[in-house]
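Report on the following structure.
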Amino acid sequence: MSEAEPTLGAPERVVVRYGELALKGGNRVDFERALVRNLKDALKRIAPVVIERQRGRLLVTPEARAEEIAERAARVFGVKSVSPAWGCPSDPEAIARLARAVFLDALAQLPRGVEPSMRVRSNRADKRFPMTSIELDRYLGDRVLGGIDGVRVQMDEPAIELGVDVRMEGVSVFARRIAGPGGLPVGTQGRGLCLLSGGIDSPVAAWMSMKRGLAMSFIGFHSWPYIGEASKQKVITLARSLCEWQSRARLYIVPFAPIQLAIRDRAPASYRTILYRRMMQRIASRISERDGQDVLVTGESLGQVASQTLDNLRCIELAASRSVLRPLVALDKEEIIAIARRIGTFEISNVQEPDCCTVFLPEHPVIRGVPSECERFESELDVEGLVSTAIAEVEILRIER
Ligand code: ATP
Ligand code: MG
């Protein structure tokens, strides 16, 4: 090694990659715009940033704290991967010096016991650059490894992959890739209203639909005074935790006890849960029509509990005037729990608090609910009055990260 080895400060910029191949025409422009907007929104709390579009990537230049900016950007939907990076002019000599510094830094951070291997992967979008990507890879490989012993060049899964993005505007060099969540930017597919209980399932359902581009609001039904304040706090905590992924959201808290009392007093016990759920669908539909959410989302999963048989799901959705998405329909409980752990909601959901649906729970719930029976029982209730009263008493909270 030469004596005047370049030293490397903290990362200066962040390269953000997204899956553009699946996108065509106008969709792509919308996608990029929304992604830039969501990134700015998520990052501005950490530091002011400038975001440039660079053929299939975004280059984020923050005023400071690029490392934190990278970690945060890796939790924005639509982002495939993120690299904290350093920049230099578009000149082979400058790139070689920077690449060597980035490599030495990565080498020093390699965990003990990991055999040091590396490859250079250049990506040259600026065709005026005097070398092809392959030539640049070779040139940089030689320059980076010059005088260093014991590091193997390895094409497949090297311990260090040194990335070099050559763009007209300049060059970015990086050695770390943080995986993003993928999906589509929140807001590009419209707005959703997720029925959020305190359980494990519904936060996962919300996350999965947000991942596919829905901007989510939440609605929780609360049986106060039969169930305490802690259940409500739990739903608030869950909604806040989901704002890790979309910055802010609206949460509707609906007083549900009067509806449950009416159902308990007038309808057969075996139909209680289905009738509760139908009222939830009605109220959520009505609110979404008023406030502009396009679709409802629930955490129902086929066959998981008695209220989630095909017949009962049918009874429930017939009460909705919006489409109902059930992203968990085909997942096993273990698969749902694995996602909940990954997205950070499991720990919150797993604290035992009673849910409103445990109030006046029947011993033998009907398995094959019949829609006409639901309607017959509901004709004994003042459905319209109960719905309007509940909506008039809704509490609306603005949740932020
Ligand atoms: P979760 O873990 O989401 O509570 P679960 O398996 O316990 O799901 P249920 O309690 O039968 O399932 O509820 C099915 C779905 O109905 C929930 O995923 C949620 O979308 C909605 N839901 C149930 N209770 C409530 C509530 N109190 N407030 C809002 N939505 C609810
Ligand atoms: Mg539940």
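Start at 1 and go down the list; that is how both ligands and their atoms are numbered. Just so you know, these numbers use all the heavy atoms, side chains as well, and skip hydrogens, waters and symmetry mates.
Atoms of ligand 1 found under 4.0 Å from any heavy atom of Glu300, numbered from 1 in the order shown, are 14 (C), 15 (C), 18 (O). Atoms of ligand 1 lying under 4.0 Å from at least one heavy atom of Ser307, given by number and element, are 11 (O). Contact atoms of ligand 1 toward Thr298: 20 (O) (distance under 4.0 Å to a heavy atom of the residue).
Using a 4.0 angstrom heavy-atom cutoff, Arg277 counts as in contact with ligand 1.
Judged by distance alone, the side chain of Asp126 and the main-chain N or O of Val166 form no donor-acceptor pair under 3.5 Å. Although no hydrogens or angles enter the test, the distance criterion places a donor-acceptor pair under 3.5 Å between the side chain of Arg322 and the main chain of Gln293. Checked by atom type and distance alone, the side chain of Asn312 pairs as donor or acceptor with a backbone atom of Ala306 at under 3.5 Å. With hydrogens and angles disregarded, no donor-acceptor distance shorter than 3.5 Å links the side chain of Asp201 to the backbone of Ile336.
Looking at ligand 1, you'll find an N or O of Gly299 within less than 3.5 Å of one of its N or O atoms. Remark: ligand 1 and Gly198 share no N or O pair separated by less than 3.5 Å (distance only, no angle test). The shortest N/O to N/O separation between Ile219 and ligand 1 does not fall below 3.5 Å. In terms of polar-atom proximity, Ile200 is counted as a contact of ligand 1, with an N or O under 3.5 Å from an N or O of the ligand. Checked by distance only, ligand 1 and Asp201 come closer than 3.5 Å through their nitrogen or oxygen atoms.
Closest to atom 3 (O) of ligand 1 by heavy atom, among Cys194, Gly220, Ser202, Ala306, is Ser202.
By the criterion of a heavy-atom distance under 4.0 Å, the side chain of Met280, and not its backbone, is placed next to ligand 1. Residue contacts with ligand 1 for Val235 are absent, since no atom lies close enough (heavy atoms, distance under 4.0 Å). At a heavy-atom distance under 4.0 Å, only backbone atoms of Leu196 (N, CA, C or O) approach ligand 1.
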Self-check item: Derivation of the side chain to side chain donor-acceptor pair (under 3.5 Å) call for Ser241 and Thr345
Solution: CA-CA 7 Å; Ser241 161; Thr345 55; 6.0 Å; no

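In this structure, Phe31 has its ring center under 6.0 Å from that of Tyr18.
Looking only at atom types and distance, the side chain of Glu384 has a donor-acceptor partner in the side chain of Ser388 under 3.5 Å away. Gln109 and Asp105 are linked by a side-chain donor-acceptor pair at a separation below 3.5 angstrom, with hydrogens and angles left out of the test.
Each of Arg17, Arg13, Arg177 was compared with Ser83 under the side-chain hydrogen bond (donor to acceptor under 3.5 Å, both in side chains) criterion, and only Arg17 meets it.
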